[in-house]
Amino acid sequence: HNIGLLYKVSDPRKALGYFQSALQVFREVGDKFAEPVALNNVGECYWYLSEYQSALTAFEEALTLWREQKNIRDIALAIGNLGLVYGALGDDAKEKLYVEQSLELRTSIGDKRGQSNALNGLGFINQKQGDLTKALEFYEKALAIRREIGSHREAAVTQRNIGNIYRELGQSQKALENYQESLKILRAANDLIWTGRTLGSVGVAYIGLGNKTEAHKAFEEALLLSQKTGNKSEEAQMFYQLAVLDKMDGKFVEAETKV
C-alpha cells in the first residue's frame, strides 16, 4: 500500500495495482480501518486515469465503511471525492451537493486542507456555470489556505485553475503567467498528471497569444506525459489540440492522422 502512494501521481496505473493488492489483503485479514483507505486510493487512481465509473464505485464503498466508523474527516474526504466524480460525469447538481456537504463537514472540524479542497471544487463548479467572478473568489480562498498550510502541490493546481479563469476572460498573458508559476511547482513535485494538464492549458494560452510554436511544444510534452501515465482521455485531447494546430497551418493531411 505504501509503495502505491509513491506512484499515485507519477504512475497511477502502477499505483492502482499496488492498492488493489493491498485492498485484497486488508479484506482477507478483516482490517476494516485499512480497507476504506485502500478503496479511496483505488478511487483516486481511477480518477487520475479518467475512469470515472470505477472511481465512483470505489469512493462509494469507502464512504459506506467510513460512515460505519463515524469518522467525520474521512467521510468528508469520500463525499468530496464523489462530488468530483459526479462533476466529471456531468451531474452538476450532485457535484454541488456533495462538495457543499464536504465543505460543511471540513469546516466543522477545522480541517483546513479539506476546506481548501472543497473551496477549489466550488470554484470549478461556478466556473462551469459561467460565474467567473465567483469562481475566482473561491479559487483565491483555496489558494490562500493552501499556501498558509504549506500545501504547495495543491496550491499549484489551484493557481492553474486561476489561470484558466483569466484565459476565459480573454487575458491570455495573465493566464500564462499563472500556468508557468504552477508548472514550476508541479514539475518539482514530479506530479506528471497535473504537469501534463497544465501544459495543455499553457498550449491553449499560447494559441491565444498567437504563438503556435510554443503551443505545439506544450501540447507535445503534454501528450508524452498522458501516454506515460496511461490517461487515454487526456492523450486524445492532446492529439486533438495538435490537429487543431496543424489545420491552422494548413496541414490538413497531418491533422487527419491525429483525430
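All heavy atoms count here, side chains included; hydrogens, waters and symmetry mates do not.
Residue pairs meeting the ring pair (Phe, Tyr, Trp, His ring centres under 6.0 Å) criterion with at least one partner in residues 108-141, sequence neighbours excluded, are absent. Applying the ring pair (Phe, Tyr, Trp, His ring centres under 6.0 Å) rule to pairs touching residues 64-103 yields Tyr86-Tyr98, sequence neighbours excluded.
Here the closest non-hydrogen pair linking Ser226 and Glu235 is OG-CA, 3.2 Å.
A donor-acceptor pair under 3.5 Å is formed between the side chain of Asn41 and the backbone N or O of Val37. Counting only distance, with no hydrogens or angles, the side chain of Ser102 and the backbone of Ala76 share a donor-acceptor pair below 3.5 Å. Formation of a donor-acceptor pair under 3.5 Å by the Ser151 side chain with backbone atoms of Arg147 is not found in this model.
More than 12 non-hydrogen atoms from other residues, nucleotides or ligands lie less than 6.0 angstrom from NZ of Lys128. Other residues, nucleotides and ligands contribute only 12 or fewer heavy atoms inside 6.0 Å of the CD atom of Glu104.
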Under 3.5 Å, sequence neighbours excluded: what are the donor-acceptor pairs made by side chains of residues 166-176?
residue	atom	partner	partner atom	Å
Arg167	NH1	Asn164	OD1	3.3
Arg167	NH1	Tyr179	OH	3.1
Glu168	OE2	Gln127	NE2	2.7

Taking only distance into account, with no hydrogens and no angle test, what donor-acceptor pairs under 3.5 Å do side-chain atoms of residues 130-137 form with protein atoms, sequence neighbours excluded?
residue	atom	partner	partner atom	Å
Asp131	OD1	Lys134	N	3.1

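Judged as a ring-ring contact (aromatic ring centres under 6.0 Å, His included), and not counting sequence neighbours, the contacts of Tyr52 are Trp47. With sequence neighbours excluded, no residue satisfies salt bridge (charged side-chain N to carboxylate O under 4.0 Å, His left out) with Lys141.
Note: Lys112 NZ to Glu148 CD = 3.5 Å, rounded to the nearest 0.5 Å.
Asn71 pairs with exactly one of Arg67, Arg73, Glu68 by the side-chain contact (heavy atoms from CB on, under 4.5 Å) rule, that one being Arg73.
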